[in-house]
Amino acid sequence: MAAFQSPKGTRDFYPDQMALRRHVENIWRKASVDCGFDEIEGPTFEHLSLFTAKSGPGIVSELFSFRRAGGSDDYALRPEFTPTLARMAAARAGTLSVPTKWFAIPLHFRAERPQRGRLREFVQWNVDLLGSEGAAADCDVIACAALALERLGLQPTDVRFRLAHRGASAAVLTAAGVAGEHIGEAFELLDRRDKLSPEEFQTRAVKLGLDAAAQKRFAAIAGTKLPVSASMNDVAASLGVDADVLAPLAELSEKLNSLGLSDWCQWDFGIVRGLAYYTGTVFEVHECAGKERAIAGGGRYDGLVELFGGPKMPAIGFGMGDVVLGLVLADKGLLPKDGGLLLPRPDVFLISDGSDAAEKALPKLVMQIRRAGLHARHSWKATKNVGKLLSDAGKCRARSALILGAEMADGAVAIKDLDGGGQRVVPLGEVVTTLLAMTTANTSNPSKEI
RNA sequence: GCGGUCGUAGCUCAGUAGGUAGAGCAUCGGGUUGUGAUCCUGAGGGUCGCGGGUUCAAAUCCCGUCGAUCGCCCCA
């Protein structure tokens, strides 16, 4: 066994796993671009203070932080992308178009104990829309997430966006008897209700000044889940508030309906999101049966850019990690068991019969074909057994095999279509054009992309 | 940071009172028949996660440690 292991909570990506990772990343990237977001990237590590500025000193124990030998500055590997995004936005705030739509697919690092769905190094897709308030902006990023999930093969029966709105939830809690100064604690209680014992829940509820009736109401609110297409009057009625208190939800509902996203979404008044900085819409994406951790989470954080030294700039965004998503996709059979099936297919695999003429011609031909922009591989084996070599061509899923054999005497080679099975003899001078023609005829195959 | 389970070749596993490691697949090579194959044949690869202890002797028992996994804490 190896003397060295990969560090705790990290992964090695061999070609098969890397192909799976790229498959997901490519879909994320394409969905982002199609939705009008521009890709950005920042440093893998930042000044430690950037992270403590947002999350407080307590965050340090969750970070991989370090100081250069002999240096005096403290750094940390980024545990999330939002501070970097906010820093970048603040620095260019004066020149950014409105709205500014950015996405990133960075690696993140967190010094936590690994668990199912949670590692110390992971990829997280971040999508953010800056400079625009309102439901249209909120729904724009939600739509982008939904588009990617749909392209990954998921359906509204597989995953669900659980949405809430901090303002609306606060109004509902107030109506339920929570005093204004206790709203923060009430959110915390709402968020943690499933983890607490009934006794603990009650103790905390009493601290919020809730009597028995109000506690019951509170619990009912926490468990309220409704379709976003439900009428606001019905939603208001089931929560015991006036419909005008739910105005933010009404706007969201209208936009989601018009975007055809209602099936993907539901109201869930138990969704709070732990982050103190969220100011409006908040949401999480979960597997419908409640398996796994949240696939994605996000919301509106209008004070964030200001927190990092910029102007007041409304913002909505979300993050989606590769770990939980990968588990869900695997559960649903939406990833090939053999990641090798996602590796790029060679357009041609060259085989030599071992004769001098073939051995000499092969490398030249390979280079010619590659210069033409095609993916060419060739056997490195010593054997001249055409059957064994063709089997190699099949293993790497080549589209065609080019056999340099007896036909060389006539200045020609055999090209076998490994998908269709046909074979023809082609003069050396026409090899590249023939292969190009075969490839363009095959552009429908998705594995050809990127 | 705290508890439960687990750790033998690249993969799936066997290894049966403790007696100094095995199979299938995969990989690599040779041979035969010009075509993804069959057949024949050979090889490499593990100090049994690592370290210590008990013993004449440990993959097997004990302790520690590292890693994986499940739960708690946390969850940006």
Can you give one letter per nucleotide of nucleotides 34-45 of chain B, 5' to 3': B if a protein heavy atom sits under 4.0 Å from the base, S if only from the sugar-phosphate, - if neither? BBBB--------
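- Closest to the side chain of A:L63, out of B:rG1, B:rC73, B:rA76, is B:rA76.
- Going from atom CG of A:D16 over to atom C1' of B:rU27 covers 15 Å, rounded to whole Å.
- In this structure A:R120 satisfies the side chain to side chain donor-acceptor pair (under 3.5 Å) test with no other residue, sequence neighbours excluded.
- Distances shown here put a side-chain N or O of A:R192 below 4.0 Å from the OP1 or OP2 atom of B:rC74.
- Across all strands shown, A:I59 has heavy atoms under 4.0 Å from base atoms, whether or not it also approaches the sugar-phosphate.
- Remark: the A:R273 side chain and the B:rA76 base include no donor-acceptor N/O pair separated by less than 3.5 Å.
- For the pair A:R120 CZ and B:rU69 C1', the computed distance is 15 Å after rounding to whole Å.
- A distance-only check finds a donor-acceptor pair linking the side chain of A:H375 to the backbone of A:R345 [under 3.5 Å].
- Contact annotation: A:R116 reaches the phosphate of B:rC70 (side-chain N/O to OP1 or OP2, under 4.0 Å).
- Between the CZ atom of A:F51 and the P atom of B:rC75 there is a distance of 17 Å, given to the nearest Å.
- Nucleotides B:rG67 and B:rC75 place their P atoms 23 Å apart, quoted to the nearest Å.
- Only the C1' atoms considered, B:rU8 is 23 Å distant from B:rG4, to the nearest whole Å.
- For a distance-only test at 3.5 Å, the side chain of A:R113 qualifies as a donor-acceptor partner of the base of B:rG3.
- Residue A:R118 has no polar side-chain atom (N or O) positioned under 4.0 Å from OP1 or OP2 of B:rC74.
- Judged by Watson-Crick or G-U wobble contacts below 3.5 Å, the nucleotide B:rC72 has B:rG1 as its partner.
- Taking the six-membered ring for Trp and the full ring otherwise, A:Y75 and A:F45 have centroids separated by under 6.0 Å.
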